[in-house]
2 protein chains.
Amino acid sequence: MAVTAAGESRVPGAGTPDCREDSRPLIRSVLERIGDKWSVSVVCQLGESTYRFNELRRLVNPITQRMLSVTLRALERDGLVSRTVHPTMPPRVDYALTGRGLSLLDVLRDLAGWADAHAEEIGSSRAEFDAQAQ
Amino acid sequence: MAVTAAGESRVPGAGTPDCREDSRPLIRSVLERIGDKWSVSVVCQLGESTYRFNELRRLVNPITQRMLSVTLRALERDGLVSRTVHPTMPPRVDYALTGRGLSLLDVLRDLAGWADAHAEEIGSSRAEFDAQAQ
DNA sequence: CGGTATCCCACATGATACTG
DNA sequence: CAGTATCATGTGGGATACCG
(Lines give C-alpha, C1' and ligand atoms only; values in the text may rest on other atoms or scores of the structure.)
Protein backbone atom coordinates (compact mmCIF):
# COMPACT_ATOMS: atom_id res chain seq x y z
CA MET A 1 0.00 0.00 0.00
CA ALA A 2 1.30 3.39 -1.02
CA VAL A 3 -0.81 5.35 1.41
CA THR A 4 0.98 8.42 2.69
CA ALA A 5 0.64 8.64 6.44
CA ALA A 6 0.05 12.04 7.97
CA GLY A 7 0.34 13.95 4.73
CA GLU A 8 -0.64 17.16 6.47
CA SER A 9 2.69 17.40 8.22
CA ARG A 10 4.35 17.86 4.83
CA VAL A 11 4.87 21.08 2.94
CA PRO A 12 1.87 21.71 0.69
CA GLY A 13 2.69 20.81 -2.88
CA ALA A 14 5.59 18.61 -1.89
CA GLY A 15 5.22 15.34 -3.76
CA THR A 16 8.30 13.21 -4.08
CA PRO A 17 11.12 13.83 -1.65
CA ASP A 18 13.62 16.00 -3.44
CA CYS A 19 16.93 15.85 -1.57
CA ARG A 20 16.70 19.56 -0.85
CA GLU A 21 17.13 20.79 2.69
CA ASP A 22 13.82 19.23 3.66
CA SER A 23 14.75 15.62 3.02
CA ARG A 24 18.34 15.53 4.21
CA PRO A 25 17.60 14.98 7.88
CA LEU A 26 15.28 12.15 6.88
CA ILE A 27 17.97 10.51 4.78
CA ARG A 28 20.49 10.98 7.56
CA SER A 29 18.11 9.36 10.03
CA VAL A 30 17.90 6.24 7.87
CA LEU A 31 21.64 6.11 7.49
CA GLU A 32 22.11 6.48 11.20
CA ARG A 33 20.04 3.34 11.62
CA ILE A 34 21.40 1.12 8.85
CA GLY A 35 24.75 2.82 8.32
CA ASP A 36 26.37 1.03 11.23
CA LYS A 37 28.53 -2.01 10.82
CA TRP A 38 26.01 -4.82 11.27
CA SER A 39 22.41 -3.74 10.65
CA VAL A 40 22.47 -4.49 6.94
CA SER A 41 23.82 -7.99 7.43
CA VAL A 42 21.32 -8.75 10.17
CA VAL A 43 18.34 -7.41 8.22
CA CYS A 44 19.41 -9.22 5.06
CA GLN A 45 19.86 -12.46 6.95
CA LEU A 46 16.45 -12.14 8.58
CA GLY A 47 15.12 -11.61 5.06
CA GLU A 48 15.84 -15.31 4.55
CA SER A 49 13.97 -16.66 7.52
CA THR A 50 13.26 -16.36 11.22
CA TYR A 51 16.25 -17.21 13.36
CA ARG A 52 17.22 -17.74 16.97
CA PHE A 53 19.93 -15.62 18.54
CA ASN A 54 22.80 -18.04 18.18
CA GLU A 55 21.69 -19.11 14.72
CA LEU A 56 21.99 -15.50 13.64
CA ARG A 57 25.32 -15.22 15.39
CA ARG A 58 26.70 -18.09 13.35
CA LEU A 59 25.21 -16.88 10.07
CA VAL A 60 26.23 -13.24 10.28
CA ASN A 61 29.95 -13.08 9.56
CA PRO A 62 32.11 -12.74 12.62
CA ILE A 63 29.73 -10.61 14.64
CA THR A 64 30.30 -10.61 18.37
CA GLN A 65 27.60 -11.56 20.83
CA ARG A 66 27.54 -8.04 22.12
CA MET A 67 27.14 -6.38 18.72
CA LEU A 68 24.40 -8.78 17.66
CA SER A 69 22.57 -7.96 20.84
CA VAL A 70 23.02 -4.22 20.40
CA THR A 71 22.04 -4.34 16.72
CA LEU A 72 18.94 -6.44 17.28
CA ARG A 73 17.77 -4.19 20.08
CA ALA A 74 18.13 -1.09 17.91
CA LEU A 75 16.21 -2.74 15.07
CA GLU A 76 13.53 -3.92 17.47
CA ARG A 77 13.20 -0.43 18.91
CA ASP A 78 12.39 0.89 15.45
CA GLY A 79 9.86 -1.86 14.82
CA LEU A 80 11.94 -3.39 12.05
CA VAL A 81 12.51 -6.67 13.85
CA SER A 82 10.24 -8.61 16.19
CA ARG A 83 11.52 -10.54 19.19
CA THR A 84 9.54 -13.54 20.41
CA VAL A 85 10.44 -15.26 23.66
CA HIS A 86 9.33 -18.84 24.25
CA PRO A 87 9.46 -19.41 27.99
CA THR A 88 10.83 -22.91 27.69
CA MET A 89 13.90 -24.43 29.29
CA PRO A 90 16.40 -23.69 27.89
CA PRO A 91 15.00 -20.36 26.64
CA ARG A 92 14.22 -19.91 22.96
CA VAL A 93 14.09 -16.46 21.36
CA ASP A 94 13.08 -15.96 17.76
CA TYR A 95 13.87 -12.91 15.68
CA ALA A 96 12.03 -12.01 12.49
CA LEU A 97 11.55 -9.07 10.17
CA THR A 98 8.33 -7.14 10.62
CA GLY A 99 6.41 -5.77 7.64
CA ARG A 100 8.30 -2.54 8.11
CA GLY A 101 11.56 -4.46 8.13
CA LEU A 102 10.57 -6.14 4.87
CA SER A 103 9.91 -2.76 3.29
CA LEU A 104 13.40 -1.72 4.33
CA LEU A 105 14.70 -4.77 2.53
CA ASP A 106 13.34 -3.31 -0.72
CA VAL A 107 15.32 -0.16 -0.14
CA LEU A 108 18.44 -2.21 0.54
CA ARG A 109 17.90 -4.04 -2.73
CA ASP A 110 17.87 -0.67 -4.50
CA LEU A 111 21.11 0.25 -2.81
CA ALA A 112 22.58 -3.08 -3.87
CA GLY A 113 21.42 -2.43 -7.42
CA TRP A 114 23.14 0.94 -7.57
CA ALA A 115 26.30 -0.45 -6.00
CA ASP A 116 26.33 -3.39 -8.37
CA ALA A 117 25.87 -1.16 -11.39
CA HIS A 118 28.70 1.20 -10.39
CA ALA A 119 31.12 -0.88 -8.35
CA GLU A 120 33.51 -1.49 -11.20
CA GLU A 121 33.73 2.10 -12.47
CA ILE A 122 34.10 3.35 -8.92
CA GLY A 123 36.98 0.95 -8.48
CA SER A 124 38.60 2.37 -11.60
CA SER A 125 38.08 5.94 -10.41
CA ARG A 126 39.71 5.15 -7.10
CA ALA A 127 42.70 3.50 -8.73
CA GLU A 128 43.16 6.47 -11.06
CA PHE A 129 42.77 8.98 -8.26
CA ASP A 130 45.23 7.18 -6.03
CA ALA A 131 47.75 6.84 -8.84
CA GLN A 132 47.45 10.54 -9.63
CA ALA A 133 48.05 11.56 -6.03
CA GLN A 134 50.66 8.87 -5.36
CA MET B 1 20.67 2.60 -19.42
CA ALA B 2 20.20 -0.61 -17.56
CA VAL B 3 23.22 -2.33 -19.06
CA THR B 4 24.89 -4.63 -16.58
CA ALA B 5 28.63 -4.09 -16.66
CA ALA B 6 30.78 -7.19 -16.39
CA GLY B 7 27.88 -9.55 -16.04
CA GLU B 8 30.21 -12.51 -16.17
CA SER B 9 31.56 -11.78 -12.71
CA ARG B 10 28.09 -12.41 -11.29
CA VAL B 11 26.59 -15.71 -10.32
CA PRO B 12 24.84 -17.25 -13.34
CA GLY B 13 21.12 -16.76 -13.09
CA ALA B 14 21.44 -13.90 -10.66
CA GLY B 15 19.21 -11.13 -11.89
CA THR B 16 18.19 -8.54 -9.34
CA PRO B 17 20.39 -8.15 -6.29
CA ASP B 18 18.77 -10.17 -3.57
CA CYS B 19 20.28 -9.11 -0.25
CA ARG B 20 21.63 -12.61 0.26
CA GLU B 21 25.28 -13.05 1.16
CA ASP B 22 26.30 -11.93 -2.28
CA SER B 23 24.95 -8.40 -2.12
CA ARG B 24 25.73 -7.45 1.46
CA PRO B 25 29.31 -6.36 0.89
CA LEU B 26 28.09 -4.21 -1.99
CA ILE B 27 25.48 -2.55 0.18
CA ARG B 28 28.02 -2.05 2.93
CA SER B 29 30.41 -0.44 0.47
CA VAL B 30 27.78 2.16 -0.47
CA LEU B 31 27.00 2.83 3.14
CA GLU B 32 30.67 3.25 3.93
CA ARG B 33 30.76 6.00 1.35
CA ILE B 34 27.51 7.88 2.10
CA GLY B 35 26.98 6.72 5.67
CA ASP B 36 29.37 9.26 7.09
CA LYS B 37 28.23 12.49 8.63
CA TRP B 38 28.41 14.88 5.68
CA SER B 39 28.37 13.10 2.30
CA VAL B 40 24.60 13.13 1.97
CA SER B 41 24.34 16.84 2.67
CA VAL B 42 27.13 17.67 0.26
CA VAL B 43 25.76 15.48 -2.54
CA CYS B 44 22.24 16.83 -2.04
CA GLN B 45 23.49 20.39 -2.09
CA LEU B 46 25.48 19.80 -5.27
CA GLY B 47 22.26 18.40 -6.72
CA GLU B 48 21.05 22.01 -6.71
CA SER B 49 23.92 23.55 -8.61
CA THR B 50 27.67 23.82 -9.00
CA TYR B 51 29.32 25.57 -6.08
CA ARG B 52 32.68 26.93 -4.98
CA PHE B 53 34.31 25.62 -1.82
CA ASN B 54 33.24 28.40 0.50
CA GLU B 55 29.76 28.59 -1.02
CA LEU B 56 29.29 24.95 -0.12
CA ARG B 57 30.74 25.59 3.31
CA ARG B 58 28.10 28.23 3.98
CA LEU B 59 25.23 26.17 2.53
CA VAL B 60 25.98 22.87 4.22
CA ASN B 61 24.92 23.20 7.83
CA PRO B 62 27.75 23.82 10.25
CA ILE B 63 30.35 21.76 8.44
CA THR B 64 33.95 22.55 9.26
CA GLN B 65 36.46 23.51 6.60
CA ARG B 66 38.37 20.33 7.29
CA MET B 67 35.37 18.00 6.98
CA LEU B 68 34.17 19.65 3.78
CA SER B 69 37.62 19.16 2.35
CA VAL B 70 37.79 15.52 3.46
CA THR B 71 34.26 14.77 2.24
CA LEU B 72 34.76 16.37 -1.16
CA ARG B 73 38.00 14.51 -1.70
CA ALA B 74 36.37 11.17 -0.91
CA LEU B 75 33.49 11.89 -3.29
CA GLU B 76 35.90 13.03 -5.98
CA ARG B 77 37.95 9.86 -5.54
CA ASP B 78 34.87 7.79 -6.33
CA GLY B 79 34.02 9.90 -9.37
CA LEU B 80 30.83 11.22 -7.80
CA VAL B 81 31.97 14.83 -7.74
CA SER B 82 34.16 16.75 -10.17
CA ARG B 83 36.64 19.39 -9.07
CA THR B 84 37.54 22.17 -11.49
CA VAL B 85 40.35 24.60 -10.69
CA HIS B 86 40.43 27.98 -12.40
CA PRO B 87 44.00 29.25 -12.09
CA THR B 88 43.00 32.83 -11.40
CA MET B 89 43.98 35.09 -8.55
CA PRO B 90 42.48 34.53 -6.08
CA PRO B 91 41.95 30.84 -6.99
CA ARG B 92 38.49 29.61 -7.91
CA VAL B 93 37.51 25.96 -7.53
CA ASP B 94 34.15 24.64 -8.66
CA TYR B 95 32.57 21.42 -7.43
CA ALA B 96 29.78 19.64 -9.31
CA LEU B 97 28.08 16.27 -9.38
CA THR B 98 29.17 13.93 -12.14
CA GLY B 99 26.68 11.74 -13.97
CA ARG B 100 27.49 9.02 -11.49
CA GLY B 101 26.85 11.45 -8.65
CA LEU B 102 23.47 12.31 -10.16
CA SER B 103 22.56 8.62 -10.28
CA LEU B 104 23.41 8.39 -6.60
CA LEU B 105 20.99 11.23 -6.02
CA ASP B 106 18.20 8.99 -7.30
CA VAL B 107 19.10 6.37 -4.71
CA LEU B 108 19.10 9.02 -2.01
CA ARG B 109 15.63 10.07 -3.11
CA ASP B 110 14.47 6.49 -2.63
CA LEU B 111 15.97 6.48 0.84
CA ALA B 112 14.19 9.75 1.58
CA GLY B 113 10.95 8.26 0.31
CA TRP B 114 11.19 5.28 2.61
CA ALA B 115 12.17 7.43 5.57
CA ASP B 116 9.36 9.85 4.89
CA ALA B 117 6.82 7.06 4.63
CA HIS B 118 7.90 5.44 7.91
CA ALA B 119 9.29 8.26 10.03
CA GLU B 120 6.14 8.71 12.06
CA GLU B 121 5.49 5.05 12.86
CA ILE B 122 9.16 4.56 13.70
CA GLY B 123 8.89 7.47 16.10
CA SER B 124 5.91 5.77 17.75
CA SER B 125 7.74 2.46 17.97
CA ARG B 126 10.68 4.11 19.67
CA ALA B 127 8.49 5.92 22.18
CA GLU B 128 6.68 2.70 23.01
CA PHE B 129 9.90 0.72 23.29
CA ASP B 130 11.52 3.30 25.54
CA ALA B 131 8.45 3.52 27.74
CA GLN B 132 8.36 -0.25 28.08
CA ALA B 133 12.00 -0.46 29.09
CA GLN B 134 11.94 2.70 31.17
C1' DC C 1 20.81 -20.65 25.47
C1' DG C 2 20.61 -15.87 25.38
C1' DG C 3 22.14 -12.49 26.93
C1' DT C 4 24.66 -8.10 30.20
C1' DA C 5 28.69 -5.67 32.27
C1' DT C 6 33.39 -3.80 31.84
C1' DC C 7 37.30 -2.40 29.87
C1' DC C 8 39.81 -0.60 26.04
C1' DC C 9 41.28 1.20 21.74
C1' DA C 10 40.97 2.85 16.93
C1' DC C 11 39.05 6.01 14.31
C1' DA C 12 35.82 9.70 12.79
C1' DT C 13 35.02 14.29 13.67
C1' DG C 14 35.82 18.92 15.75
C1' DA C 15 38.79 23.06 17.07
C1' DT C 16 42.39 25.80 16.00
C1' DA C 17 46.28 27.54 13.64
C1' DC C 18 48.85 28.13 9.56
C1' DT C 19 49.82 28.50 4.08
C1' DG C 20 50.15 29.26 -1.25
C1' DC D 1 39.96 31.90 -1.47
C1' DA D 2 40.89 27.25 -0.79
C1' DG D 3 42.79 24.59 1.50
C1' DT D 4 46.53 21.52 4.98
C1' DA D 5 48.61 20.36 9.58
C1' DT D 6 48.21 19.41 14.25
C1' DC D 7 46.06 18.29 18.36
C1' DA D 8 41.96 17.00 21.23
C1' DT D 9 37.85 14.09 22.05
C1' DG D 10 33.57 11.03 21.81
C1' DT D 11 32.08 6.97 20.42
C1' DG D 12 31.50 2.63 17.81
C1' DG D 13 32.86 -1.67 18.29
C1' DG D 14 36.01 -5.71 19.85
C1' DA D 15 37.66 -8.82 23.80
C1' DT D 16 36.61 -10.82 27.77
C1' DA D 17 34.17 -12.22 31.76
C1' DC D 18 30.05 -13.05 34.11
C1' DC D 19 24.67 -14.12 34.81
C1' DG D 20 19.55 -16.22 34.89
Side-chain angles (χ1 to χ4, degrees), chain A residues 24-25 28-43 45-46 50-78 81-96 129-130 132-134, chain B residues 24-25 28-43 45-46 50-78 81-96 129-130 132-134:
Chain A
R24 292 173 208 169
R28 282 288 311 147
S29 72
V30 189
L31 293 179
E32 273 158 23
R33 172 59 50 240
I34 62 166
D36 64 6
K37 190 166 180 183
W38 298 108
S39 290
V40 166
S41 293
V42 170
V43 169
Q45 189 63 53
L46 287 174
T50 292
Y51 292 108
R52 302 174 61 178
F53 187 87
N54 279 318
E55 281 178 334
L56 262 180
R57 183 152 155 51
R58 265 174 268 115
L59 287 168
V60 178
N61 306 336
I63 192 174
T64 63
Q65 198 168 31
R66 173 183 137 82
M67 286 317 295
L68 180 56
S69 179
V70 167
T71 302
L72 283 170
R73 197 187 293 274
L75 293 171
E76 187 197 357
R77 187 170 103 104
D78 283 6
V81 161
S82 68
R83 178 176 184 271
T84 310
V85 182
H86 301 89
T88 59
M89 187 56 190
R92 175 193 181 94
V93 182
D94 286 331
Y95 291 93
F129 185 93
D130 294 348
Q132 210 67 22
Q134 279 170 14
Chain B
R24 290 172 209 168
R28 283 289 313 146
S29 73
V30 189
L31 293 178
E32 274 160 21
R33 171 59 49 241
I34 64 168
D36 64 6
K37 192 168 179 181
W38 297 109
S39 289
V40 166
S41 293
V42 169
V43 169
Q45 189 62 53
L46 287 174
T50 292
Y51 293 108
R52 302 174 60 178
F53 187 87
N54 279 317
E55 282 178 333
L56 262 180
R57 183 152 154 52
R58 264 173 268 115
L59 288 168
V60 178
N61 305 337
I63 193 174
T64 62
Q65 200 168 30
R66 175 182 136 81
M67 286 316 296
L68 180 56
S69 180
V70 167
T71 303
L72 283 171
R73 197 186 294 273
L75 293 171
E76 188 198 356
R77 186 170 105 105
D78 283 6
V81 161
S82 67
R83 179 176 183 270
T84 310
V85 183
H86 302 89
T88 59
M89 188 56 191
R92 175 193 181 95
V93 181
D94 287 331
Y95 290 93
F129 185 93
D130 294 348
Q132 209 68 20
Q134 280 170 16

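Order of the sequence lines fixes the chain letters, A, B, ..., with proteins taken first and strands second; residue numbering starts at 1 for each chain.
- Between Asn54(B) atom CG and dG3(D) atom P there is a gap of 9 Å when expressed in whole angstrom units.
- The main-chain N or O of Gln65(A) is never found under 3.5 Å from a side-chain atom of Ser69(A) such that the two would form a donor-acceptor pair.
- The phosphate of dG3(D) (OP1 or OP2) has a side-chain N or O of Tyr95(B) nearer than 4.0 angstrom.
- Across all their heavy atoms, Leu75(B) and Ser39(B) have their closest contact at CD2-OG, 4.2 Å.
- Taking 4.5 Å as the limit, every side-chain heavy atom of Thr84(A) sits out of range of all side-chain heavy atoms of Tyr95(A).
- One atom, NZ of Lys37(B), and another, C1' of dA15(C), lie 13 Å apart when rounded to the nearest Å.
- Whole-Å rounding puts the Arg83(B) CZ to dA2(D) C1' distance at 8 Å.
- In plain terms, the two heavy atoms of Arg83(B) and Val85(B) that are nearest each other are NH1-CG2, 3.4 Å.
- Nearest-nucleotide positions on DNA chain D place Met67(A) closer to the 5' end than the other of Pro91(A) and Met67(A).
- In this structure, Tyr51(B) atom OH and dC1(D) atom P are separated by 17 Å, rounded to whole Å.
- The residue among Leu72(B) and Asp36(A) whose nearest nucleotide of DNA chain D is located toward the 5' end is Leu72(B).
- Rounded to a whole Å, the CD atom of Glu76(B) is 15 Å from the P atom of dA2(D).
- Using a 4.0 Å cut-off, some side-chain N or O of Arg52(A) falls inside it from OP1 or OP2 of dG2(C).
- Taking atom CD1 on Ile63(B) and atom P on dT13(C), their separation rounds to 10 Å, with Å as the unit.
- Glu32(B) has its CD atom 16 Å from the P atom of dG12(D), to the nearest Å.
- Two residues are said to be in side-chain contact when any heavy atoms from C-beta on lie closer than 4.5 Å; Gln132(B) and Asp130(B) fail this criterion.
- Nearest-nucleotide assignment on DNA chain C puts the 5′-proximal partner with Val70(B), out of Gln65(B) and Val70(B).
- Listed pair Arg66(A) / dC18(D) fails the phosphate criterion, with no side-chain N or O lying under 4.0 Å from OP1 or OP2.
- Here dG2(C) presents its C1' atom at 12 Å from CZ of Arg58(A), a figure rounded to the nearest Å.
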